[in-house]
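Any value given below was found using the heavy atoms of this structure, including those in side chains, with hydrogens, waters and symmetry copies removed. Just so you know, residue 1 is the first one in the sequence shown, and it goes up from there. Because the structure is a prediction, the values reported are computed rather than measured.
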Amino acid sequence: MDGANEMRQVFEGAGLSAPPVPPDLEPRVRRRGEWLYATRGIDPMAMYMFRDHVTEAMSRRVGDYMAVCHAGHGVNSYCVNYHLVWGPVAIFAQTGWGGVYMDRERSAADVRDLLAQCGDVLAAATEARPALERSGRRLVVAESRIRGRATYGWLDEDGRYTTVEDTRKALSDAAALLRSPA
């Protein structure tokens with residue numbers, strides 16, 4: 001079985017939704033560890049820490065990739081972590097799931113919501129991709145529901161970023177921004 005289909009089975013079998021993958025990256029998805037699927041080598045604990053890969057995408061030193069994992073530490077600090085760097089968009093998102101003291105149904109619903117919003121940003125980026133590629137801009141969105149941090153903004157010469165008070169709004173705001181006239 002290929003990596004993308006195995007990933008879908010693992011996530012859907014756990015009551016979660018399948019992580020979104022652009023069609024051109026789908027053949028490159030591989031199982032790289034337990035609950036780790038990616039198109040490149042990546043450390044799941046670094047994904048969980050939610051910092052270095054955002055900086056990497058902002059430097060533009062990394063090519064297109066997709067990665068998703070379940071990682072954390074202790075008995076309750078576990079997350080589903082999703083990364084997508086794909087042309088004019090870079091998405092970094094995480095939410096709690098799998099901790100001993102987490103409400104399983106509520107956290108699974110939150111993962112489904114998070115991945116659906118990531119899919120919405122991907123759909124909006126797909127529609128806007130030709131115009132964004134001509135402009136040379138990249139929209140970077142980072143939403144960590146467990147850390148209470150959320151931001152999005154254009155990676156261009158002015159480097160404007162918006163910090164979002166409601167950590168559940170960065171992804172939806174980013175999708176709306178991609179769909180709005182320039």
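Residues forming a side-chain hydrogen bond (donor to acceptor under 3.5 Å, both in side chains) with R129 (at least two apart in sequence, or on another chain): E133. Partners of R134 under the side chain to side chain contact (heavy atoms under 4.5 Å, CB included) rule, at least two apart in sequence or in another chain, are P130, A131. With sequence neighbours excluded, the residues forming a side-chain hydrogen bond (donor to acceptor under 3.5 Å, both in side chains) with R8 are N5, E26, listed by chain and number. Under the ring pair (Phe, Tyr, Trp, His ring centres under 6.0 Å) criterion, Y65 pairs with no residue at all, not counting sequence neighbours. For the side-chain hydrogen bond (donor to acceptor under 3.5 Å, both in side chains) test, residues two or more places apart in sequence or in another chain that qualify with D110 are T95, R145, R168. Applying the salt bridge (charged side-chain N to carboxylate O under 4.0 Å, His left out) test to R40 and every residue at least two apart in sequence or in another chain returns E56. Partners of Q94 under the side-chain hydrogen bond (donor to acceptor under 3.5 Å, both in side chains) rule, at least two apart in sequence or in another chain, are N81, S144, R147.
Residue pairs meeting the side-chain hydrogen bond (donor to acceptor under 3.5 Å, both in side chains) criterion with at least one partner in residues 27-38, sequence neighbours excluded, are E6-R31, E6-Y37. Among pairs with a residue in residues 106-139, none fulfils ring-ring contact (aromatic ring centres under 6.0 Å, His included), at least two apart in sequence or across chains. Residue pairs meeting the side-chain hydrogen bond (donor to acceptor under 3.5 Å, both in side chains) criterion with at least one member in residues 11-25, sequence neighbours excluded, are D24-W86. Judged as a salt bridge (charged side-chain N to carboxylate O under 4.0 Å, His left out), not a single pair has a partner in residues 84-97 (not counting sequence neighbours).
Two rings, from F92 and H53, have their centers 6.0 Å or more apart.
Without hydrogens or angle criteria, H83 side chain to I91 main chain gives no donor-acceptor distance under 3.5 Å.
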Taking distance alone, no hydrogens or angles, what donor-acceptor pairs closer than 3.5 Å link side-chain atoms of residues 43-50 to residues at least two apart or in another chain?
unit_1, atom_1, unit_2, atom_2, d
D43, OD1, M45, N, 3.1
Y48, OH, H73, NE2, 3.3

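Once rounded to the nearest 0.5 Å, the distance linking CD of E143 with CG of L114 reads 6.0 Å.
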